[in-house]
Amino acid sequence: MAWQNNGARPDQNSVANQDVKSGLRYHLRATAWLALPLIGGHLAQQIISITDTVMLGWYGVVALAAGALGATCYFVVFIVGSGFALAVMPMVAREAASGNDAQVRRVTRMGLWLAALTGVLIYPVFWYAEPLLIALRQETEVAQGAQTYLRIAGAGMGLSIMVAVLKSHLAALERTGMLLWSTLAGAALNGVLNWVLIFGNLGAPELGLAGAGIATFSTNLLIFVVLAVYASRAKGLRQHALFQRIWRPDWPVFIQVFRLGWPIGLTSMAESGLFTASTLLMGWLGTAALAAHGVALQIASVTFMVHVGLSATATVRAGRAFGQRDALALRDGAIASLILSAAMVALTMALFLGLPRPLIGMFLAPDEPQRATIVAIGVGLLAVGALFQLADAAQVMALGLLRGLQDTQIPMIYAIFSYWAVGLPASYVFGFTFGLGPHGIWLGLVAGLVLAGILMMTRFWRRLRRDL
């Protein structure tokens, strides 16, 4: 592939135009401007999950543990299916940079097809979740509650992944504002429905975990409708005719999206699966450890959403530089993204180490009998969580940059090895063999994330040096 090295700038007539859109300052501003609504949208999405956790925590510790288990299982499936959505992003960004509107439409439509197909295929697993979770040594009452949640919320899995496809489509076209507003609307609806249906307020039946499942399904439906209408009707987007004859297959593009998306999905599953496995290991230690793990993981997920938003921005900007064959823009954009991510890492570490008790305590009722135990475990988990912030940020940022180059298969191998050959065994050894309990399980997560961060970041910079 022939890349432009704009650093040489042999044509003096183009100097002014190149300088306007080059340099680290420009890329910092451009990255931040594009990233802010994406970060806001991811944080709003996380607010939905936090609302579920807080309200279930106030409803009861068993409900909190079952909700954490069910939500983790849901997220693992979602993250695999969202690989197709993440594949749409660099493909659309590249085609948009080339002015190919027809290919933009074809890519996104086949992404929606793959999302719907994933939802249909996985639902039987959600329906029969209880025996599977019991086989994985989860407590019967917790497994029953998780199945109740998954049977209802899982019916909307296809919708959830289709929302991710539309978000990738709009992000690649740098139309990110609606991503934030639609997710905020969904967060508001989710909060209201949780309050009404979990506790039985306003005359509604008290449904507990089933109410949380209904709220999750309804939220995904609302966000999908809003984004679908915007993507097909908004000025500047109508020419894509996104839903025109959507029932017609486009098998060559279907295969392209699938080929790029399945390694992304497996890469994401390798990481999210590690956290799911850690949740299962926590379940072996009892309800209090599982509840503390669920709370601490929710808090860590909030800060991680900033890096996810920055990673998506890095994918878009790297994809456009890739489409334009501009290696210098790729380098400067990557550095800008990493600077912003590092700043967030520093803030997060200060927060986790400085205010752990208030953060954990807000998820629990004041009169909860196990409150002191859960808070004590959670404080230690956040201290360990502060350790892996840099590694976690590094691996997700490197993944975003590599996806912009449509490089997905080698990172998948790195992820599977780091998380499953190193991270999970380390979690078991530290947690059970060395007797470190919940904190040992999280130390194993640190080991896997550090290795993944080193491998993936090294691959990106080697590719960049080669291209430059």
Side-chain angles (χ1 to χ4, degrees), residues 38 41-42 45-46 49 71-91 111 114-115 117-119 121-122 125 154 157-158 160-168 171-172 257-280 297 300-301 303-316 318-319 341 388 391-424 445 448-449 451-453 455-457 459-460:
L38 284 174
H42 284 294
Q45 186 69 44
Q46 196 62 32
S49 181
T72 302
C73 295
Y74 183 95
F75 182 73
V76 168
V77 176
F78 168 77
I79 209 69
V80 174
S82 67
F84 303 124
L86 292 172
V88 165
M89 189 181 295
M91 294 176 72
L114 285 162
L117 183 61
T118 302
L121 292 177
I122 199 60
V125 177
M157 175 57 70
S160 182
I161 302 173
M162 285 192 285
V163 166
V165 171
L166 292 176
K167 287 183 175 181
S168 290
V257 177
F258 179 80
R259 283 178 175 172
L260 186 62
W262 74 262
I264 298 176
L266 288 183
T267 301
S268 300
M269 184 183 71
E271 182 183 5
S272 63
L274 174 65
F275 284 92
T276 300
S278 71
T279 301
L280 296 173
L297 201 56
S301 297
T303 60
F304 184 65
M305 288 302 104
V306 176
H307 304 293
V308 172
L310 286 168
S311 177
T313 305
T315 298
V316 173
S341 180
F388 66 64
D392 209 8
Q395 63 87 20
V396 76
M397 294 304 298
L399 279 175
L401 291 164
L402 289 168
R403 287 166 186 165
L405 303 180
Q406 299 188 19
D407 181 358
T408 61
Q409 294 194 11
I410 298 300
M412 174 192 69
I413 295 171
Y414 288 165
I416 293 173
F417 176 77
S418 299
Y419 302 140
W420 290 91
V422 176
L424 183 58
L445 303 181
L449 290 168
L451 180 59
L455 290 174
M456 293 177 188
M457 196 60 73
R459 178 170 179 79
F460 172 73

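Small disclaimer: the values here were computed from a predicted structure and weren't measured.
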K.L.:
Checking Ala398 now: which residues fulfil side chain to side chain contact (heavy atoms under 4.5 Å, CB included) with it, not counting sequence neighbours?
P.N.:
Met456, Met457
K.L.:
By the salt bridge (charged side-chain N to carboxylate O under 4.0 Å, His left out) test, which pairs, at least two apart or in different chains, include something from residues 263-276?
P.N.:
none
K.L.:
What's the spacing between Leu114 CG and Phe258 CZ if we round to 0.5 Å?
P.N.:
7.5 Å
K.L.:
Which salt bridge (charged side-chain N to carboxylate O under 4.0 Å, His left out) pairs, counting each pair once, include a residue from residues 392-401, with sequence neighbours left out?
P.N.:
none
K.L.:
Which heavy atom of Val165 sits nearest a heavy atom of Ala115, and at what distance?
P.N.:
CG2-CB, 4.2 Å
K.L.:
Answer yes or no: is there a donor N or O on one side and an acceptor on the other, between the side chain of Ser160 and the main chain of Met157, under 3.5 Å?
P.N.:
no
K.L.:
Which distance, rounded to the nearest 0.5 Å, do you find between the OG1 of Thr313 and the CG of Leu401?
P.N.:
10.5 Å
K.L.:
Could you list the residues that satisfy side-chain hydrogen bond (donor to acceptor under 3.5 Å, both in side chains) with Thr303, not counting sequence neighbours?
P.N.:
none
K.L.:
Could you pull out all residues at least two apart from Ala300 that satisfy side chain to side chain contact (heavy atoms under 4.5 Å, CB included)?
P.N.:
Phe352
K.L.:
Give every residue pair that meets the side-chain hydrogen bond (donor to acceptor under 3.5 Å, both in side chains) criterion with at least one member in residues 406-417, sequence neighbours excluded.
P.N.:
Asp407-Arg459, Asp407-Arg463
K.L.:
Of the non-hydrogen atoms in Leu274 and Gly423, which two are nearest, and what is the gap between them?
P.N.:
CD1-C, 3.9 Å
K.L.:
Can you measure from OG (Ser311) to CE (Met89) and round to the nearest 0.5 angstrom?
P.N.:
8.5 Å
K.L.:
Taking all non-hydrogen atoms of both residues into account, name the closest pair between Pro90 and Leu260 and its distance.
P.N.:
CG-CD2, 4.2 Å
K.L.:
When rounded to the nearest 0.5 angstrom, what is the spacing between CH2 in Trp420 and CE in Met269?
P.N.:
7.5 Å
K.L.:
Which donor-acceptor pairs under 3.5 Å do the side chains of residues 75-87 make with protein atoms, sequence neighbours left out?
P.N.:
residue	atom	partner	partner atom	Å
Ser82	OG	Phe78	O	3.2
Ser82	OG	Ile79	O	2.9

K.L.:
Minimum heavy-atom separation for Thr267 and Met412, please, with both atom names.
P.N.:
OG1-CA, 2.9 Å
K.L.:
Considering only residues two or more places apart or on different chains, which pairs with a residue in residues 410-419 satisfy salt bridge (charged side-chain N to carboxylate O under 4.0 Å, His left out)?
P.N.:
none
K.L.:
Measure across Leu402 and Phe460 and return the closest heavy-atom pair with its distance rounded to 0.1 Å.
P.N.:
CD2-CA, 3.9 Å
K.L.:
Measure across Ala312 and Leu38 and return the closest heavy-atom pair with its distance rounded to 0.1 Å.
P.N.:
CB-CD1, 4.2 Å
K.L.:
Under the side-chain hydrogen bond (donor to acceptor under 3.5 Å, both in side chains) rule, collect the residues that match up with Ser341, sequence neighbours excluded.
P.N.:
His307
K.L.:
Could you list the residues that satisfy side chain to side chain contact (heavy atoms under 4.5 Å, CB included) with Leu451, not counting sequence neighbours?
P.N.:
Phe417, Ser418, Val422, Leu455
